[in-house]
Amino acid sequence: MDFHSPYRHGFVRVGLCTPRVCLADPAANARETLKALRDCHARGAALALFPELGLSGYSIDDLLHQDALLQGVLEGLTELLATSRDLSTVGIVGAPLRFGGHLFNCAVVFQSGAILGVVPKTYLPNYREFYEKRHFTSASHTNRTEADFLGQIVPFGNHLLFAADGVPDITFHVEICEDVWTPIPPSAHAALAGATILANLSASNITTGKGVWRHQLCAAHSGRCIAAYLYAAAGWGESTTDMAWDGHAIAYENGRLLAESERFRHDSHTTLVDLDCRQLVQDRMRLTSFGDSARIHRDAVARMETVTFRWDPPDHARGLLRAIERFPYVPSGQTERHERAAEVYNIQVSGLAQRLEATGIRKLVIGVSGGLDSTQALIVSAKTMDTLDLPRRDILAYTMPGFATTAGTRSNAHALMNALGVSAREIDIVPSSMQMFRDLGHPFAEEEAEYDVTFENVQAGERTSHLFRLANHNDALVVGTGDLSEMALGWATYGVGDQMSHYNVNGSVPKTLIQHLIRWNIHSGQFDEATGAVLQRILDTEISPELVPGGDGDSQPAQKTEETIGPYELQDFHLYYISRFGHAPSKVAWLALQAWGDRGQGAWPEFLAEDARNEYSLAEIKHWLNVFLFRFFQISQFKRTAVPNSPKVGSGGSLSPRGDWRAPSDAPATVWLDELARNVPDQSDPKGSG
């Protein structure tokens, strides 16, 4: 398949269809159904879901027992099958059907003019405004597993799984309305048997607050089942004798809302969305409790029967019908983003406070560079002391200027320490570093400007050595500053520098989230305006290790981190999808193109100025992903095996060997680099989504 096709990367396009209903007129309803089905086919959808009893109308009461109506449904369905032979999209349409002297509320699953199976409704509501047992028989009251229907012997029952031949991630199950409102829906066992898509035909009437209830139900069920849940309810045209209808269609994926229709429309409409079935399979593979559930419910799982159908993804399906967040660690919505920031701070503060309580230590030592990470760690330290009713002056904060420390970062460090009211001190590490150079016989000791890795690491080591000895001397705990992004890319000096501490509050916080946390402090008024101004200057400063002197004095850093290891905003994106989901590099590159390409759909957080909103070509994405894969898999793991304790703050995970990430220190990155080279073109196809 073409690189730009969503199907190439495990996505499946589906349509949630809400045709305008003509009560008790199956021929008209079949025509509306066909229109929507053709639209889904033209737009590359594999699946089209329609409402409950869509061919007859749901709200026709005792007309369901009229032979003329039931015969009309058969004729309408026959015409629908005949006129859809050229369509590869699988349709799921609702119809009242009679088998063996009983009337069932059914979903008919069909493709290219052939019926794949018929699924009867299991749970029939018979309370308040519902009285379906007056008209229908439950699927639980029949032992048949197939039926002679419209000249075909077709599978029949609520135990059917429909699987795309040759596309293992596309397996769906069908249930009808009330089925999902029960303690154990039929789709729960279907998910345990391998269904990644759970489809619900509904005729749910609307009452005040019911829309929210549907959201909660579908979100929770999709999350428990680690599945996509599709819900299509009846809309305009249903009888308003005693009820009203809103045509609500929603799609959830593992608890996350992907798409929702406009409710109360008076016309036929379709909502299309792309589901990431491969990601669902990945998540199920990791969560051992899901497999345990399948074994515990083995009898119900074994009852499931698979029906296969042919599906060849269309060439014209390109792009992605869902938003991919550019900043997966930072919510794009303002309210959620503020809630996330407060929660992260509480986790960090709680972890550090507990460590102090457990050890009986009452003082903290921290190195403050005037950069992002040490700023975040210092703020957390200050809030921790406040929480424990300890004086902030017991935070012993040190700036340790070296050969390349700029005036700007040094000034920011002092201003921040003073604003937070900690004990601010400075230790010049140049003399001790020079002694180390002399002991090593390094050329710099003879005034030769050799800025090699030894030159850089001597400074990092001196800072760490001072901090640990200061902690010994003051009976204090060293607070670590290194972040998740640095550990992922190996951008931390092994055993010293950003990697080592007594307790690291930033260990599972990526760089993009740290930037947001500092912004949140500014905009939420956590500190006074003067402190906020200092924090803004720190945000505006170029990210640099400041270990190599610049050519223009100390006004600007000579080293720019992102020129070496890549833009943090892009590398954090790669980190999220590689470490959290285990996606192939080609899929990660494609997702990055959807989010960061010139037509990327990811939302820009409003705090980013227009001139800070970057875009990346496929060639740039491939280049920096190659850098990430090499550094992450091949040269950095040995550092991660020796990281200090740190609280895990988010579902994006940590890289602690005691937590989310265990890997050998000496494995090559060959398989990931080869997959990227083989499967990602060097440039975007001009006809593609990039």
Side-chain angles (χ1 to χ4, degrees), residues 371 373 450-461 463-464 480-501 504 506-512 514 543-548 559-589 592 620-644 646 652-680:
D373 295 341
E450 184 169 329
Y451 303 135
D452 57 6
V453 67
T454 304
F455 176 81
E456 296 188 26
N457 286 347
V458 161
Q459 296 172 76
R463 289 183 173 120
T464 304
T481 60
D483 65 45
L484 182 69
S485 306
E486 292 178 343
M487 291 309 303
L489 291 157
W491 199 247
T493 308
Y494 184 59
V496 294
D498 292 333
Q499 181 185 355
M500 193 48 59
S501 63
N504 184 1
N506 290 340
S508 65
V509 188
K511 189 77 75 178
T512 49
I514 284 180
I543 299 173
S544 170
E546 292 196 334
L547 295 171
V548 174
Q559 296 167 295
K560 297 182 178 180
T561 299
E562 292 176 300
E563 290 181 354
T564 302
I565 61 174
Y568 275 117
E569 60 189 11
L570 192 57
Q571 298 296 42
D572 277 0
F573 185 95
H574 297 153
L575 170 63
Y576 181 79
Y577 285 100
I578 289 288
S579 66
R580 169 68 176 82
F581 298 111
H583 288 330
S586 58
K587 178 171 182 175
V588 176
E620 291 173 307
I621 290 169
K622 184 176 181 180
H623 168 74
W624 289 121
L625 180 53
N626 191 85
V627 170
F628 176 88
L629 296 172
F630 177 71
R631 298 188 67 93
F632 182 79
F633 286 105
Q634 188 154 323
I635 69 170
S636 302
Q637 180 58 33
F638 78 99
K639 298 181 181 181
R640 295 191 286 268
T641 61
V643 296
S646 180
S654 75
L655 295 177
S656 167
R658 301 169 297 277
D660 289 341
W661 188 259
R662 296 167 178 82
S665 297
D666 47 8
T670 307
V671 65
W672 291 272
L673 296 172
D674 286 352
E675 200 280 342
L676 179 70
R678 285 197 318 270
N679 296 319
V680 180

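What you see is a predicted model; the values in this text were computed from it and never measured.
- Shown here are the salt bridge (charged side-chain N to carboxylate O under 4.0 Å, His left out) partners of Arg631, two or more places apart in sequence or in another chain: there are none.
- Every residue was checked against the salt bridge (charged side-chain N to carboxylate O under 4.0 Å, His left out) condition with Asp452, not counting sequence neighbours, and none meets it.
- Listed by chain and residue number, Asp373, Asp483, Glu486 satisfy the salt bridge (charged side-chain N to carboxylate O under 4.0 Å, His left out) test with Lys511 (two or more places apart in sequence, or in another chain).
- Applying the side chain to side chain contact (heavy atoms under 4.5 Å, CB included) test to Arg658 and every residue at least two apart in sequence or in another chain returns Val643, Asn645, Ser656.
- Close placement of the Tyr576 and Phe581 rings is indicated, their centers lying within 6.0 Å of each other.
- Every residue meeting the side chain to side chain contact (heavy atoms under 4.5 Å, CB included) condition with Ala667, not counting sequence neighbours, appears here in chain and number order: Pro664.
- Contacts of Ser579 classified as side chain to side chain donor-acceptor pair (under 3.5 Å), with partners at least two apart in sequence or in another chain: none.
- The side chain to side chain donor-acceptor pair (under 3.5 Å) test applied to Asp674 returns no partner, not counting sequence neighbours.
- For Ala492, the side chain to side chain contact (heavy atoms under 4.5 Å, CB included) partners two or more places apart in sequence, or in a different chain, are Met487, Asp498, Gln499.
- Every residue meeting the salt bridge (charged side-chain N to carboxylate O under 4.0 Å, His left out) condition with Lys622, not counting sequence neighbours, appears here in chain and number order: Asp682.
- Aromatic ring centres of Trp491 and Tyr568: separated by at least 6.0 Å.
- Each salt bridge (Lys or Arg N to Asp or Glu O under 4.0 Å) pair with one or both residues in residues 574-588, not counting sequence neighbours, appears once here: Asp276-Lys587, Asp283-Arg580.
- By the side chain to side chain contact (heavy atoms under 4.5 Å, CB included) test, Gln634 pairs with Phe630, Pro668, Ala669, sequence neighbours left out.
- Scanning for side chain to side chain donor-acceptor pair (under 3.5 Å) contacts around Asn626 gives an empty result, with sequence neighbours left out.
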